[in-house]
Each structure stands twice: as structure tokens, then as C-alpha cells.
Undergrad: 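What follows is a single structure, and I will ask about it in a moment.
Note that the coordinates shown come from a computational prediction; the quantities given were computed from them, not determined experimentally.
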Amino acid sequence: MYFLVSTLDAAGGETARPVPNVVSGSQKLIPTQISSRDSKVSLSSTVKGLRLRPPSSYSLKLESFSTLMKSTYTERYDSRPFRVGKYNWTLVVYPKGNKNDSGTGYISMYVAIDSSTLISPRQVVPADLRFYVFNKKEKKYFTIQDSDVWQFSVNKTMWGFPRVLPLSTFNNLKNGYLYDVDQCEFGVDIIVPPLFEKSELFSVTKSFPNKRFTWFIQGFSTLPSDYLSEEFIIGGISWNLRVFRNGFGAHEGKNMSLYLNLGPQELLKTKPYDKIYARAMLRVPNQARSNYVVGRPLDNWFSPQNIGWGYADFMPLSDLTDSSTGFVRNDMLVVQVEMEAISSTKYFPS
């Protein structure tokens, strides 16, 4: 007994494709839409590379790739559904390329979402996709991804790349994608980024009702070596000035040191991660010559870890001990700070 296989119909043309034998209403529709972004975005948004880490969402290993390549009617391989986030997904591989998506001559790879896991017909699920093809020669995975997220919905259930790798490259055993004669491995990472629940708002104020604090230091010559001003508020922040009359650290005995600090009340309510940007000018005006001022700028972040900023060498002690210079009169020194910008940060939820 023998069979004669014919590819011609009664009229001499090609036979029709086989059709499924299904119970009415049970056939599941397979997405046929164009499922790549090639027509919408530039190629520069596609990122390719090699990496050691295997896929984290799903892996598909085929031990007889040539069977699918030689099949006349089997165009694609659909994995079983797998769960990522709140949704069911399927990895779809076209071994000969998706001809409906300009993928002929290439390996085509996609991900399809099960629309029944969407909570409403209008829901859109953003997802980051990274597709993998194992290269045994390199012992790494070739990866391809888009720099933007993909938007899945009832009307757009499948996204991916029609041209992952040329078949001429993939089928050449020397390249390492096909190994042990007929085996290969594909995979995918799917990340469904949740909407942020926490945020912060950083803003800067440059206008203040009272932007300057002036400190009149009486009895300057008899001050303790480390002396703090009263607490004052500018820009809603508590501050104080700190002076080391005879200098601090390596500048002791040479210079007066001057700093702007966050005030004690501010530190009591500041959390470890809080920070305040301030731009200000520290000044010591000359009391004899009104147009002569020693000034040095601040442009820093203040925080519980760095409560104050200033200068250990703010000005020479010789300018303060010599009464003829005009900085100290009747044993009084005048120190000022003028705020130019102060930041505030609001956290949500607070």
C-alpha cells in the first residue's frame, strides 16, 4: 500500500491550507495585527546587546528547531501562559519570521497579553519588554529591547520585534545560537511598572520679607572661643550664626571663623533624609567705612549630616584686633547673613 501526496487541487492549483476541526465557538482567535513599533519609532530607540543574566520572566527551550523551520503550516510557537504582575502573558516566537510584520528572513519574537486578565475594556497596561536569545558560543544572551514602554490593551494585545536576528546568522552553527545540532533557547523579561505612590516636590524661594539677619556682638574681645547667635527665621527655616573669635582648626590664632548653621529648632523637626539648599552671603561690614564690607558666599546643602557651612579663614584676626581698621568699634563686631535662595521639599504622602 502506498500514498500519493498531491499539492494540486482538482483545477490544477495549489491545495487549500488545512483547517482546524473545532467545536463551534471554541476556537481562540490568534492576533494578526502588526505588532512591532518599526513604523512608529526610530531605530535608535532599539537597544541590543549581550548579557550574562538569563531571562527572569520566562524561558523557552526548543530541542528540535528544524522541525518548526521545515513545517509548511506551523508559523509560530506560543508558550503556555505565565503570570507577571496581575496579568497572564504568552511568549510568541516565529522561527521563520512574521511575514505579516515585515519579518520574513528573521527570527520574530513577541509577547501577548491575555485580554481576559484586564479589568476593563479601556485598561492600558504599560510594560517594559526585553527579549533573549541564548548564544552558547559566547555563553551569553543576545538581548533586544525598546527604550520606551509598550502599551498593551484589548485592541493591542501583542507587541514585539519582527527582526530580532537574521535567519542567516541564527542558522549558522558557527555563531552559537543553534547548538547541539538543533537546540536553541529564547526568553523574555516583562516588567509592569506600577504607578508611583510616593513623591516629593522640590522648590526654591528667592524672595523673603526679611532676607537679612544682623548680629551685633558686644564685648567681642572677651567672647568665648565658640559663640552662637540667637536663633532667627528666614524662609521658614530656623538658623543661627556661629563664630570662632580666635579661629578654628588650622586657622586658630590666624583668622576669625564664621559659619551659618541650621538652628536647634530646625534640627529637632528635620528627618535624616531632609536637605535644604541655601545660597547666601556672609558679611562683616566695616563700621568706619560704610561702603567697605568683607563678604563671602555660601551655596550649599544643609542637612542633619551637614548642619552648617562657612569659612574657617573668614577674615584675618589682625583686621579685628587693630581698631584703626574700623571692623571692631567699642568692642562690638557686626556680622550679617543675607539669604538669596532657600529650598523647601514637600513629601507625598507626608
Undergrad: Could you give the distance from CG (Leu52) to CD (Glu138), rounded to the nearest 0.5 Å?
TA: 10.5 Å
Undergrad: I'd like to check Val192 versus Trp89 (side-chain heavy atoms, cut-off strictly below 4.5 Å). Are they in contact?
TA: yes
Undergrad: Locate the shortest heavy-atom distance separating Gly326 from Asn286; write the atom from each residue and the value.
TA: O-OD1, 3.4 Å
Undergrad: Less than 4.5 Å apart, side chain to side chain, heavy atoms only: is that true for Tyr87 and Leu118?
TA: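 They are in contact (side-chain heavy atoms under 4.5 Å apart), so the answer is yes.
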Undergrad: Where is the tightest heavy-atom contact between Ser343 and Tyr277, given as atom of each residue plus distance?
TA: OG-N, 2.7 Å
Undergrad: Any donor-acceptor pair under 3.5 Å linking the side chain of Lys346 with the backbone of Ser203?
TA: no
Undergrad: Please name the pair of heavy atoms, one in Asp331 and one in Val328, separated by the smallest distance, quoted to 0.1 Å.
TA: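 Closest heavy-atom pair between Asp331 and Val328: CA-CG1, 3.8 Å.
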Undergrad: Looking at Glu230 and Asn240, what are the two nearest heavy atoms and their distance?
TA: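 Closest approach of Glu230 to Asn240: O-CB, 3.7 Å.
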Undergrad: Does a donor on one side chain and an acceptor on the other come within less than 3.5 Å for Ser324 and Asp322?
TA: yes
Undergrad: Determine, for Lys211 against Glu338, whether the closest basic-nitrogen to carboxylate-oxygen distance falls under 4.0 angstrom.
TA: yes
Undergrad: Carefully, step by step, assess Val164 and Phe170 under the rule side chain to side chain contact (heavy atoms under 4.5 Å, CB included).
TA: CA-CA 10 Å; Val164 175; Phe170 185 88; over 6 Å; no
Undergrad: Between Asp313 and Lys254, does any side-chain N to carboxylate O distance fall below 4.0 Å?
TA: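 Salt bridge absent between Asp313 and Lys254.
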Undergrad: For Tyr273 and Glu200: C-alpha separation, side-chain torsions, deciding distance, then whether side-chain hydrogen bond (donor to acceptor under 3.5 Å, both in side chains) applies.
TA: CA-CA 12 Å; Tyr273 52 80; Glu200 58 189 79; over 6 Å; no
Undergrad: Carefully, step by step, assess Gln151 and Lys156 under the rule side chain to side chain contact (heavy atoms under 4.5 Å, CB included).
TA: CA-CA 8 Å; Gln151 306 286 345; Lys156 202 67 175 175; over 6 Å; no
Undergrad: Shortest non-hydrogen contact from Phe82 to Ile190?
TA: CE1-CD1, 3.7 Å
Undergrad: Yes or no on side-chain hydrogen bond (donor to acceptor under 3.5 Å, both in side chains) for Ser116 and Asp114, after CA distance, side-chain angles and deciding distance?
TA: CA-CA 5 Å; Ser116 68; Asp114 182 352; 2.7 Å; yes
Undergrad: If you measure only the distance, is there a donor-acceptor pair under 3.5 Å linking the side chains of Asn175 and Thr169?
TA: no
Undergrad: Just so I know, are the side chains of Phe131 and Ile107 near enough to count as touching, which here means a heavy-atom distance under 4.5 Å?
TA: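 No, every pair of side-chain atoms sits at 4.5 Å or beyond.
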Undergrad: Under a 4.5 Å side-chain heavy-atom rule over Ile, Leu, Val, Met, Phe, Trp and Tyr, are Met339 and Ile307 clustered together?
TA: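 Linked within one cluster.
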Undergrad: What I want to check is whether the side chains of Tyr177 and Asn171 have a donor and an acceptor closer together than 3.5 Å.
TA: no
Undergrad: Is it the case that atom CZ in Arg80 sees more than 12 heavy atoms from other parts of the structure closer than 6.0 Å?
TA: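 12 or below, so no.
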Undergrad: If hydrophobic clusters are built by linking Ile, Leu, Val, Met, Phe, Trp and Tyr wherever their side-chain heavy atoms come under 4.5 Å apart, do Phe186 and Tyr179 end up in the same one?
TA: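 Hydrophobic grouping puts Phe186 apart from Tyr179.
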Undergrad: With the side chain counted from C-beta on, respond yes when Lys136 and Phe134 share a heavy-atom pair under 4.5 Å apart, and no when they do not.
TA: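 Answer yes - side chains close enough.
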Undergrad: The test is side chain to side chain contact (heavy atoms under 4.5 Å, CB included); show your working for Trp239 and Ile342 and say whether it passes.
TA: CA-CA 12 Å; Trp239 310 90; Ile342 300 175; 4.0 Å; yes
Undergrad: Does Glu197 have more than 12 heavy atoms from other residues, nucleotides or ligands lying within 6.0 Å of its CD?
TA: no
Undergrad: Taking atom types as modelled and ignoring hydrogens, do the side chains of Ser56 and Asp189 form a donor-acceptor contact shorter than 3.5 angstrom?
TA: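 Distance-only check passes for Ser56 and Asp189.
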Undergrad: Looking at CD of Glu340 and CZ of Arg212, how far apart are the two atoms once the value is rounded to the nearest 0.5 Å?
TA: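 Atom-to-atom, Glu340:CD and Arg212:CZ are 11.0 Å apart.
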Undergrad: Walk me through whether Asp319 and Thr325 qualify under side-chain hydrogen bond (donor to acceptor under 3.5 Å, both in side chains).
TA: CA-CA 6 Å; Asp319 288 347; Thr325 60; 5.5 Å; no
Undergrad: Starting from Tyr106, can I reach Phe142 by hopping between I/L/V/M/F/W/Y residues whose side chains sit under 4.5 Å apart?
TA: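 Looking at the clustering, Tyr106 is in a separate group from Phe142.
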Undergrad: Calculate, to the nearest 0.5 Å, the distance between atoms CG and CG belonging to Asn306 and Asn300 respectively.
TA: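 Nearest 0.5 Å value for the CG-CG distance: 9.0 Å.
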Undergrad: With rounding to the nearest 0.5 Å, note down the distance linking CG in Asp274 to OG in Ser344.
TA: 11.0 Å
Undergrad: Side-chain contact, heavy-atom cut-off 4.5 Å: Ser229 with Phe216?
TA: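 No. Closest side-chain heavy atoms not under 4.5 Å.
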Undergrad: Hydrophobic clustering (ILVMFWY, side-chain heavy atoms < 4.5 Å, transitive) - are Tyr259 and Leu282 grouped together?
TA: no
Undergrad: Within the distance-only criterion (no hydrogens, no angle test), does the side chain of Trp309 pair as donor or acceptor with the backbone N or O of Trp301 below 3.5 angstrom?
TA: yes
Undergrad: A quick test of your reading: do over 12 heavy atoms of other residues, nucleotides or ligands sit less than 6.0 Å from CZ of Phe196?
TA: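 Counting other residues, nucleotides and ligands, CZ of Phe196 stays at 12 neighbours or fewer.
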Undergrad: CZ of Arg279 to CG of Leu298: how many Å apart, nearest 0.5 Å?
TA: 11.5 Å
Undergrad: Would you say the side-chain atoms of Arg51 and Tyr141 include a donor-acceptor pair closer than 3.5 Å?
TA: no
Undergrad: Nearest 0.5 Å, what's the CG-CZ distance between Asp146 and Arg130?
TA: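 The CG atom of Asp146 sits 12.0 Å away from the CZ atom of Arg130.
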Undergrad: State whether the side chain of Asn330 and the backbone N or O of Met332 hold a donor-acceptor pair below 3.5 Å, judged by distance alone.
TA: no
Undergrad: Is the shortest side-chain heavy-atom distance between Met315 and Phe327 below 4.5 Å?
TA: yes
Undergrad: When you look at Arg242 and Phe248, which way does the side chain to side chain contact (heavy atoms under 4.5 Å, CB included) test go after all the steps?
TA: CA-CA 11 Å; Arg242 185 178 189 181; Phe248 177 73; over 6 Å; no
Undergrad: Within the side chain of Gln123, is there an N or O that forms a donor-acceptor pair under 3.5 Å with the backbone of Ile119?
TA: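 Yes, Gln123 side chain to Ile119 backbone: donor-acceptor pair under 3.5 Å.
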Undergrad: Which residue, Asp101, Thr90, Thr157, Asp78, forms the side chain to side chain donor-acceptor pair (under 3.5 Å) with Tyr110?
TA: Asp101
Undergrad: Taking the side chain as C-beta and beyond, is there a heavy-atom pair between Lys198 and Tyr347 under 4.5 Å?
TA: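 No, every pair of side-chain atoms sits at 4.5 Å or beyond.
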Undergrad: Using modelled atom types only, decide if a donor and an acceptor are shared between the side chain of Ser257 and the backbone of Gly247 within a distance under 3.5 Å.
TA: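 Absent.
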Undergrad: Indicate yes or no: at least one non-hydrogen side-chain atom of Phe302 is less than 4.5 angstrom from one of Ile237.
TA: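 No, side chains not in contact.
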Undergrad: Mind listing the closest non-hydrogen atom pair of Ser66 and Asp182 along with its distance?
TA: OG-OD2, 2.7 Å
Undergrad: With a sphere of 6.0 Å drawn around CZ of Arg83, does it hold more than 12 non-hydrogen atoms of other residues, nucleotides or ligands?
TA: yes
Undergrad: Take atom CG of Asp180 as the centre, draw a 6.0 Å sphere, and report whether it contains more than 12 heavy atoms from other residues, nucleotides or ligands.
TA: yes
Undergrad: May I ask whether Leu260 and Leu267 are part of the same hydrophobic cluster, defined by side-chain heavy atoms of I, L, V, M, F, W, Y residues being less than 4.5 angstrom apart, directly or through others?
TA: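 Shared cluster, yes.
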